[in-house]
Student: 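Let me give you the structure first, and then I'll get to my questions.
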Amino acid sequence: MKQDGSSAALLAWYDAHARELPWRISPMERRNGVAPDPYRVWLSEIMLQQTTVAAGKSYFERFTDLWPTVTALADAEDEVVMGEWAGLGYYARARNLLKCARVIRDEHQGIFPRTRVELQALPGVGPYTSAAISSIAFDQSETVVDGNVERVVSRLFRVETPLPTAKPELTELATRLTPSERPGDYAQAMMDLGATICTPKSPVCSLCPLQDFCEAHAAGDASRFPLKLPKKPKPTRHGHAYVGRSARGEWVLQKRPEKGLLGGMLGWPGTEWQDPHPKRAPYEGNWQEVGEVRHTFTHFHLILTVHAAADVERTPDSLTLRGQNAFRASDLPTVMRKAFDLAYAKLEG
DNA sequence: TACGCGTGGGC
DNA sequence: TGCCCAAGCGT
């Protein structure tokens, strides 16, 4: 690729087409010396890992309303934060979010470090996120390489190596393209370009500021890139979940272990999720089968048979009782909320 | 290095 | 409708 001028073309495009997002400052504001809030940049970057802007936006608003500063978040109760994260997925992010906030509070005087190396030492902050915070929040010259940048660069250079093998090669090419001017705007410009123009399925090359620099566009095969290794098929697992309510109207929940799937979240007690699994109630009740929930996780499909019982009398101490005022279905991860919806319709219907 | 880890939207 | 995909990280 002939790259001279590509960064200038991209920055000019960004000046006119930057997306307005609640954690961002505009190119105009940045030019006038306004700096973004590193807390908001960090929070948005964690929330948007493997997550669309559309999905993350309302969570960002809610979190910053509840906890306007990193110290406020650090002081929050784990259970409340996990409940607010419920539905967004990848719950290790929320656990690491809290860990990170407390490291910032306790070891960094409540101030985010500026350098990529210091940032990457924080829980949940890896190569991408450290570069993003350093460049976007502190305007340091770092190269961000996320899925958008990988796609843009693989097309600019028609990289025939499939992902994830191609990652180091794409990182090297992206680094070579990064200008020393306006690093924060440039990072966001690359991601905006990938999100709005250089999209996975039907890139809109006719509107692309890098059209004249792009080998794939010249060859007319932009949508062929990036190449990807074939994925493994997802197996289907089965399980049973038990949505119970005590005679006093308390829901019978179970806090899941900190590690592993849905770690640290509330859920309904039940069987393991494996191959067809025998039904076995975790405690006594007048159980009735109310239906099936189908749900797909990252690496398997789940068919969950849901059982419901009201007027449960005794429950094991390992379970958590939540009265009407202390229970919100929205605090549950999605698969558990689906099970609740099914059982609730039956119990109330 | 490769795998485990969620969810919702688009086609 | 089933598959692909989205601002990755930790182990």
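Everything numeric in this text was worked out from a predicted model, so none of it was measured.
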Student: Which part of the nucleic acid, if any, lies within contact of A:Trp23, taking any heavy atom under 4.0 Å across all strands shown: a base, the sugar-phosphate backbone alone, or nothing?
Tutor: base
Student: Give A:Val125 one of three labels, base, sugar-phosphate or nothing, depending on what nucleic acid heavy atoms sit under 4.0 Å from its own.
Tutor: sugar-phosphate
Student: Do A:Thr64 and A:Arg40 make a side-chain contact, defined as non-hydrogen atoms from C-beta onward lying under 4.5 Å apart?
Tutor: yes
Student: Are any of A:Thr334's side-chain N or O atoms less than 4.0 Å away from OP1 or OP2 of B:dG8?
Tutor: yes
Student: If you check the A:Leu262 side chain, which of C:dC5, B:dT7, C:dG8 turns out closest?
Tutor: B:dT7
Student: Look at A:His299 and B:dC3 and indicate whether a side-chain polar atom (N or O) is within less than 4.0 Å of OP1 or OP2.
Tutor: no
Student: Quick check for you: among B:dT7, B:dG6, C:dC4, whose closest atom lies nearest to any side-chain atom of A:Lys231?
Tutor: C:dC4
Student: Does A:Lys201 place a side-chain N or O at less than 4.0 Å from the phosphate oxygens OP1/OP2 of B:dG10?
Tutor: no
Student: Select from A:Lys232 and A:His295 the residue whose nearest nucleotide in DNA chain B is closer to the 5' end of that strand.
Tutor: A:Lys232
Student: For A:Gln120 and C:dG8, give me the distance from atom CD to atom P, rounded to whole Å.
Tutor: 15 Å
Student: Please pick, from C:dA6, B:dC5, C:dC9, the nucleotide with the shortest atom-to-atom distance to any side-chain atom of A:Tyr128.
Tutor: C:dC9
Student: Reckon A:Pro164 touches a base, only the sugar-phosphate, or nothing at all at heavy-atom distances under 4.0 Å?
Tutor: nothing
Student: Checking A:Glu61 against A:Ser58: is there a side-chain donor and acceptor pair closer than 3.5 Å?
Tutor: no
Student: Compare all side-chain heavy atoms of A:Leu173 with those of A:Leu156 and state whether any distance is below 4.5 angstrom.
Tutor: no
Student: Taking the P atom in each of C:dT11 and B:dG6, what is the distance between them to the nearest angstrom?
Tutor: 14 Å
Student: How many whole angstroms separate atom CG of A:Leu163 from atom C1' of C:dC4?
Tutor: 14 Å
Student: Within this structure, what is the NZ-to-P distance between A:Lys99 and C:dG10, rounded to whole angstrom?
Tutor: 9 Å
Student: For A:Arg182 and A:Asp15, work out which heavy atoms get closest and say how close.
Tutor: NH2-OD1, 2.7 Å
Student: Choosing from C:dG8, C:dG10, B:dC5, which nucleotide comes nearest the side chain of A:Asn96?
Tutor: C:dG10
Student: Give one of base, sugar-phosphate or nothing for A:Arg151, where a contact means two heavy atoms less than 4.0 Å apart.
Tutor: sugar-phosphate
Student: Round to a whole Å and report the spacing from CZ of A:Arg95 to C1' of B:dG6.
Tutor: 12 Å
Student: So A:Leu21, base contact, sugar-phosphate only, or nothing? Heavy-atom distance under 4.0 Å.
Tutor: base
Student: For A:Arg19 and for A:Pro123, find the nucleotide of DNA chain C with the closest heavy atom, then tell me which residue's nucleotide is more 5'.
Tutor: A:Arg19
Student: Report, as yes or no, whether the 6.0 Å neighbourhood of atom NZ on A:Lys167 holds more than 12 heavy atoms from other residues, nucleotides or ligands.
Tutor: yes
Student: Give a yes/no on whether any side-chain N or O of A:Arg93 is located under 4.0 angstrom from OP1 or OP2 of B:dG6.
Tutor: no
Student: If you find the nucleotide of DNA chain C closest to A:Lys228 and the one closest to A:Leu122, which residue's nucleotide is nearer the 5' end?
Tutor: A:Lys228
Student: C:dG8 phosphate, OP1 or OP2: any side-chain N/O from A:Gln50 under 4.0 angstrom?
Tutor: yes
Student: Can you tell me which nucleotide in B:dT7, B:dC5, B:dC3 comes closest to the side chain of A:Leu261?
Tutor: B:dC5
Student: Identify which nucleotide among C:dG8, C:dC5, B:dG4 has an atom closest to any side-chain atom of A:Thr129, counting heavy atoms from C-beta outward.
Tutor: C:dG8
Student: Among A:Val152, A:Val204, A:Asp192, which residue meets the side chain to side chain contact (heavy atoms under 4.5 Å, CB included) test with A:Cys198?
Tutor: A:Val152
Student: Checking contacts here: which listed nucleotide (C:dG8, B:dC5, B:dT7) is nearest the side-chain heavy atoms of A:Gln49?
Tutor: C:dG8
Student: On the nucleotide B:dT7, are OP1 or OP2 found under 4.0 Å from the side-chain N or O atoms that A:Tyr91 carries?
Tutor: yes
Student: In whole angstroms, how far is the C1' atom of B:dG4 from the OH atom of A:Tyr90?
Tutor: 8 Å
Student: Can you tell me the distance, in whole Å, between the NZ atom of A:Lys167 and the P atom of B:dC3?
Tutor: 17 Å
Student: Would you please classify the geometry between the A:Tyr39 ring and the A:Phe112 ring as parallel, tilted or perpendicular, with 30° and 60° separating the classes?
Tutor: tilted
Student: Roughly, in whole Å, what's the span from CD in A:Glu150 to P in C:dC5?
Tutor: 12 Å
Student: What is the distance, to the nearest angstrom, from the NZ atom on A:Lys338 to the P atom on B:dG6?
Tutor: 14 Å
Student: Describe the nucleic acid contact of A:Gly194 in one word from base, sugar-phosphate, nothing, applying a heavy-atom distance below 4.0 Å.
Tutor: nothing
Student: As a test of reading the structure: which of C:dG8, C:dC5, B:dT7 is closest to the side chain of A:Val335, going by heavy atoms?
Tutor: B:dT7
